[in-house]
Amino acid sequence: MSILTEHDKGVVQKQFRDLLKHAPRVTKKTERDMIRKAFNFANEAHENQKRKSGEPYILHPIAVARIVAEEMGLGTISICAALLHDVVEDTEYSLENIENQFGEKIASIIDGLTKIAEVFDQESSLQAENFRKMLLTLSDDVRVILIKLADRLHNMRTLSSMPPNKRMKVAGETIYLYAPLAHRLGLYAIKTELEDLSLKYRHPKIYNEIEKKIKLNEKRRLTEINRFSLPIIEKLDRVGLSYEINGRPKSIYAIWNKMQTKKVSFEEVYDLLAIRIVFEPSKDLPEKTQCWNIYSLITDIYIPKPDRLRDWVSKPKINGYEALHVTVMGPGGKWVEVQIRTTRMDEIAERGYAAHWKYKSRDTHESELDLWIKRIREMLEDPNSNALEFIDEFKLNLFAAEIMVFTPKGHIKSLPKNATALDFAYEIHSEIGNQAIGAKVNHKLVPLSHVLKSGDQVEIITSEKQKPQRDWLQYITTAKAKSSITKSLKAETKNRIDIGKKRLEEKLKELSVRPSSRVFRKLLPAYEVLNKDE
Ligand code: MN
């Protein structure tokens, strides 16, 4: 006996039909049939559940599937997985049921989503960076992350029906974890919406105030941008440059964030217009020169503010950002920031991720990551591209070169692949490493040479009598462990030499022999050693 009324059922059917209408990638009848099957399965599984708002629960998976289809442009597999995403976690159905009905691929996506939910519930204090890594490690399919983000986006859109104390937790996680994740994946519209929604619940007063002020000022802003840009456009056209110029409005969150970090008023942030010029550089001149040429062109029209010049063309920011920023006095005596970038620089600025990554280009997985993000962006931006096949095949093994392990207290440490328990010991502290005698991995006793796997929980057993051993060098991979061990071994050798030297001197003294090089020339061959240290 269902708890849903006839009216509820009607709403559910209508929402499902709308989903199919807004799934541009779903074109074949077989695909529609598959989605309908997933819907029927989920609908039955969630039959007796309601959301906090009192709506039938199934409306949530339908909405998530719609974000996945419509806003992310994903296809049948993702839509099915989105429809089924809460089944294993929240109903009696198991992963095996899903696999039997929908095959291995969909089941593995659901498995990833369920695992993330579990980790997240336990480890609510996870650091943002670790969270992102964890997410990427746990999910060997990009779609897991995308569906997780869609899930979070819908939860944020419907957050008002949650109890207030829960709202703050969800909104907090969103701003610290999910928005940066969306940012790194290049999902900028979703990132901005997550940020704004999070602010709305965390600081409703501020949010409403800024929103109101933006509406009041929008028209004036556009007029100002046009007035400012027209002379520049004229000049750029005259030199025959291929470029785009725009003055995108800042989001509510971006404005607030700037007010906070720069400690300034709304007006001071909002009034500072920012224009971006992205141009296609010609092959004849260095990009840097061309940026400065545009700078010169703009400052022919408007007077620059010298202390606001930012030259990240000659020397990029640490995160890889390149651009020339100049602030000039616009018409009406207002400062206007102009960002000058080539299309290549713009792409770097948009992708942003790679440069943050701790390994530099010598490691291949950074370029894999780059490639992946680029491809995902291309696919998401171009609804007609055929990159979907790519996403179907692509396995997210970006972090195959890295493993995540836990301390007994649940903190995450990242180590290179093939790292051993001894590497882990040195990762915690060099003294722990130096005194390590064994380890417990997932509560089982193992030798220090034991190779760790992602997800292992590792505890190091130490003894004050222990000292670094020479053969340890054979089973460590981290530079940290290596340098600690070599250092201790050297110190120990030096210590032994000192003792030996002292003893020899005493003995020679007893025999009234002065330690001269002549004496040593006789001693060394007699004891079959090659040098004084030995
Ligand atoms: Mn959900």
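All values reported here derive from a predicted model rather than from experimental measurement. First listed ligand is number 1; within each ligand, the first listed atom is number 1.
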Take the angle between the ring planes of W312 and H325 and call it parallel below 30°, perpendicular above 60°, tilted in between. perpendicular
Please list all pairs meeting salt bridge (Lys or Arg N to Asp or Glu O under 4.0 Å) that have one or both residues in residues 27-36, counting only residues at least two apart or in different chains. K29-D33
Charged N-O contact under 4.0 Å between R51 and E55: no
Has the side chain of N442 got a donor or acceptor atom that lies under 3.5 Å from a matching backbone atom of D456? no
Below 30° counts as parallel, above 60° as perpendicular, anything between as tilted: where do the rings of H60 and Y57 land? perpendicular
Atoms named by residue and atom, protein N, O or S, within reach of the Mn ion (ligand 1) (under 2.8 Å): H60 NE2, H85 NE2, D86 OD2, D151 OD1
Report the distance from atom CD of E71 to atom NE2 of H22, rounding to the nearest 0.5 Å. 11.0 Å
